[in-house]
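Presented below is the structure to which this report refers.
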Protein chains: 2
Amino acid sequence: MEEKQLKQVRHFNRAVTRRIGVLTDNYLGSGRPLGEARVLFEIGMDGANVRDLRARLSLDSGYLSRLLRSLERQGLATSQPDGDDGRVRWVTLTPKGRKEWKALDRGAQDVAVSLLAPLGERQRERLLAAMEEVERLLRASAVAIEPVDPGSADAQVCIEAYFRELEERFETGFDPARSISAAPEELVPPAGLFLVARLDGQPVGCGALKVKGRRLGEIKRMWVAPSARGLGIAQRLLDALEQHAAEAGLGILQLDTNRTLSEARALYVRNGYVEIAAYNTNPYADHWFEKRGLRRRK
Amino acid sequence: MEEKQLKQVRHFNRAVTRRIGVLTDNYLGSGRPLGEARVLFEIGMDGANVRDLRARLSLDSGYLSRLLRSLERQGLATSQPDGDDGRVRWVTLTPKGRKEWKALDRGAQDVAVSLLAPLGERQRERLLAAMEEVERLLRASAVAIEPVDPGSADAQVCIEAYFRELEERFETGFDPARSISAAPEELVPPAGLFLVARLDGQPVGCGALKVKGRRLGEIKRMWVAPSARGLGIAQRLLDALEQHAAEAGLGILQLDTNRTLSEARALYVRNGYVEIAAYNTNPYADHWFEKRGLRRRK
DNA sequence: TAAATTATCTGACTATAGTCAGATAATGGA
DNA sequence: TCCATTATCTGACTATAGTCAGATAATTTA
């Protein structure tokens with residue numbers, strides 16, 4: 001990574017947090033302590049339960065309790081036990097609280113207006129496009145890829161979502177039992193590898209490697225959640241699997257895929273996989289690919 | 001301004017301040033109160049004088065004094081009277097303080113690395129380009145344009161910088177006395193108007209309107225600081241002057257310019273000014289322009 | 001059903017951040 | 001030279017943010 005690039009990122013961080021940060025100190029203009037204002041805003045027009053509030057704002061339970069009590073004393077919020085779980089309390093804003101919420105919301109709106117208002121229409125469009133790009137790529141950079149046990153909860157979430165998607169997309173539907181197996185124990189080192197991609201702790205993709213011979217491996221279970229597509233996650237999963245395969249001494253990787261999965265096919269072609277004759281009898285496979293001469297990256 | 005655009009800006013603000021903000025809480029990881037860490041970092045490797053520190057961090061003088069004392073007590077900084085001004089104190093970091101500074105700097109560097117590291121080279125380049133664009137446009141949106149008295153300090157700063165630049169750029173040099181006059185009193189309503197553009201309080205551009213007849217006006221003193229070019233400031237100044245001229249009932253605007261000022265000429269042409277015969281004997285003018293049929297904008 | 005866990009609350013703290021009113025000394029301008 | 005201003009410092013405050021150790025009641029797990 002170049003020095004110059006890092007410098008630019010740091011500059012951006014400073015500039016943006018200063019420019020937006022200062023304006024975002026909307027809460028401070030409310031004439032109300034930051035903590036209280038944050039809680040009030042987070043309760044929102046629809047109300048919220050205290051457990052969620054605590055998680056979202058990551059506050060100490062005692063502290064939050066006190067803040068809520070203070071809002072209640074000021075007639076801004078009321079609380080009652082939640083229907084489902086008698087331990088949890090459900091907080092709602094009173095009419096007075098809603099009024100305050102709207103004032104805070106208006107403040108945030110004003111910030112947005114004050115950023116856009118001085119610009120001409122063309123500049124405005126460029127700013128919005130660049131903002132979207134930055135946001136998207138920061139999301140991409142927050143994705144972490146890690147090997148996990150294929151039996152772990154996160155892995156299971158991914159595999160189930162993967163099967164559900166295949167069921168929807170294949171013209172014939174999809175029954176895991178009829179497909180070529182990749183049992184959990186086949187995807188644990190040294191027989192294989194199972195990777196999960198996570199965004200903010202939530203699993204959003206997976207990919208697996210199954211070792212089939214001294215030099216031969218197979219790619220399985222490549223999937224990315226629809227909400228996280230376009231972030232380059234599949235490419236990173238594939239890179240990591242190939243890297244691991246190369247380190248394990250494998251020289252050839254194979255995989256099969258269905259005609260309806262066109263993004264996947266494009267990914268494989270882009271990465272140097274070439275179509276070969278069927279190497280298995282998977283009823284769901286329409287294309288078989290192979291890549292030879294894997295190389296370890298630095 | 002569209003609802004959708006505002007929503008997108010708010011989303012960006014939340015997402016970016018969260019993502020970067022959390023990481024930027026570098027200071028908090030230093031095991032040192034935020035205030036102290038900020039001051040220590042701001043003193044920097046080269047030292048700083050207390051007056052500047054106070055301005056940069058906008059801290060109460062008493063508070064800052066106490067923070068500095070605390071840093072001194074911990075053996076992180078030392079201070080002595082400044083050479084130039086006996087009232088001001090000059091603070092320097094001790095070797096121990098420099099070590100802490102480096103740790104903070106490394107933290108900020110790590111943030112930048114952690115943002116870029118997970119991305120591929122192409123994504124990295126796109127992120128940096130988008131960051132640059134956002135930064136540039138946020139800077140543009142922070143520029144405020146206001147009418148001021150042409151005799152005010154900010155106006156003078158601009159005019160002097162403008163003359164200095166003409167002196168440099170014109171092949172013949174530039175002597176204000178030989179140029180066609182625009183005395184301060186001619187640029188005050190209702191005889192005229194003088195606008196200053198400011199970025200973070202600093203004047204970075206100006207433009208003036210001189211009323212020459214019942215329907216005729218002239219554009220003068222169009223200038224933007226080199227450091228603030230590319231932000232669309234000249235366009236905004238021109239828009240504001242035309243708007244004011246239209247409201248004052250003027251139907252024709254004229255202006256003269258020198259052949260070396262090509263950006264200016266492009267600006268005028270882009271805005272519908274057409275070249276006309278010389279309407280004055282300004283020795284520094286090579287081109288004369290005119291725009292008819294001004295219209296008030298909404 | 002007993003035991004462990006979870007969600008909230010209360011009381012008793014501490015640390016940080018920040019404000020305000022002088023006091024003092026150096027500087028700059030009339 | 002005198003006076004207003006400026007930069008810093010000290011003392012005396014206050015408010016906010018946050019932590020921690022139980023207590024209590026509801027829920028889940030064994």
Side-chain angles (χ1 to χ4, degrees), chain A residues 21-22 24-43 47-74 76-92 100 104 153, chain B residues 21-22 24-43 47-74 76-92 100 104 153:
Chain A
V22 168
T24 299
D25 286 349
N26 179 19
Y27 287 137
L28 297 177
S30 68
R32 178 178 302 295
L34 178 64
E36 269 183 25
R38 286 210 309 157
V39 170
L40 192 149
F41 192 75
E42 204 64 26
I43 293 173
N49 81 48
V50 174
R51 176 178 35 187
D52 289 356
L53 279 181
R54 229 188 34 217
R56 270 185 280 168
L57 300 167
S58 45
L59 293 174
D60 174 86
S61 64
Y63 186 29
L64 176 56
S65 180
R66 223 177 308 274
L67 288 172
L68 288 173
R69 209 72 352 93
S70 160
L71 290 176
E72 285 174 19
R73 239 181 296 112
Q74 296 170 67
L76 298 164
T78 53
S79 65
Q80 63 214 50
D82 186 305
D84 291 343
D85 186 333
R87 291 168 303 182
V88 176
R89 287 186 77 80
W90 182 263
V91 204
T92 338
E100 291 259 343
L104 288 172
Chain B
V22 169
T24 298
D25 287 349
N26 181 19
Y27 287 137
L28 297 177
S30 69
R32 177 176 304 294
L34 179 64
E36 269 184 24
R38 286 210 309 157
V39 171
L40 192 151
F41 192 74
E42 204 64 27
I43 293 172
N49 80 49
V50 174
R51 176 177 36 186
D52 289 355
L53 278 182
R54 227 188 36 218
R56 269 185 282 167
L57 300 168
S58 45
L59 292 175
D60 174 86
S61 63
Y63 185 29
L64 177 56
S65 181
R66 223 177 305 276
L67 288 172
L68 288 172
R69 209 71 356 91
S70 161
L71 290 176
E72 284 175 19
R73 238 180 297 112
Q74 295 170 67
L76 298 166
T78 54
S79 66
Q80 64 215 49
D82 186 305
D84 292 343
D85 186 333
R87 292 169 301 182
V88 177
R89 287 185 79 78
W90 182 262
V91 205
T92 338
E100 291 259 343
L104 288 172

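Every chain is numbered from 1 and lettered A, B, ... according to where its sequence line falls, protein lines coming before strand lines. From a predicted model like this one, the values you see are computed outputs, not experimental measurements.
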Protein-nucleotide distance (B/Asp52, atom CG; D/dT6, atom C1'), rounded to Å
14 Å
Any heavy-atom pair between the side chains of B/Ile43 and B/Leu68 that's under 4.5 Å?
yes
D/dC9 phosphate, OP1 or OP2: any side-chain N/O from B/Arg69 under 4.0 angstrom?
yes
Select from B/Leu59 and A/Arg89 the residue whose nearest nucleotide in DNA chain C is closer to the 5' end of that strand.
A/Arg89
Return no unless some side-chain N or O of A/Arg66 is found under 4.0 Å from OP1 or OP2 of C/dT10.
no
Quick check: closest heavy atoms across A/Ala77 and A/Glu72, and the distance to 0.1 Å?
O-CG, 3.2 Å
Looking at C/dA17, C/dC9, D/dC9, which one has an atom nearest to any side-chain atom of B/Ser61?
D/dC9
Looking at A/Arg87, I'd like to know whether one of its side-chain N or O atoms comes within less than 4.0 Å of OP1 or OP2 on C/dT8.
no
Can you tell me the distance, in whole Å, between the CG atom of B/Leu68 and the C1' atom of C/dA17?
15 Å
Side-chain N or O of A/Arg54 less than 4.0 angstrom from OP1 or OP2 on C/dT8?
yes
Specify the separation, in whole Å, of atom CG of B/Leu34 and atom C1' of D/dT16.
14 Å
Between atom CZ in A/Arg51 and atom P in C/dC9, what is the gap in whole Å?
13 Å
Distance-only side-chain donor-acceptor flag, A/Arg69 / A/Ser65, under 3.5 Å:
yes
Nearest whole angstrom, please: distance from the C1' of D/dT5 to the CG of B/Asp85.
12 Å
Closest non-hydrogen atom pair, B/Leu76 against B/Glu100
CD2-CG, 3.7 Å
Which atom names give the shortest non-hydrogen contact between A/Ala48 and A/Glu42, and what distance separates them?
CB-O, 4.5 Å
Nearest-Å distance, OH (A/Tyr63) to P (C/dG11)?
18 Å
Can you measure A/Asp60 atom CG to D/dA17 atom C1' for me and round it to whole angstrom units?
11 Å
Is A/Gly35 touching bases, backbone alone, or none of the nucleic acid, heavy atoms closer than 4.0 Å?
sugar-phosphate
Spacing between A/Gln80 atom CD and C/dC9 atom P, to the nearest angstrom:
13 Å
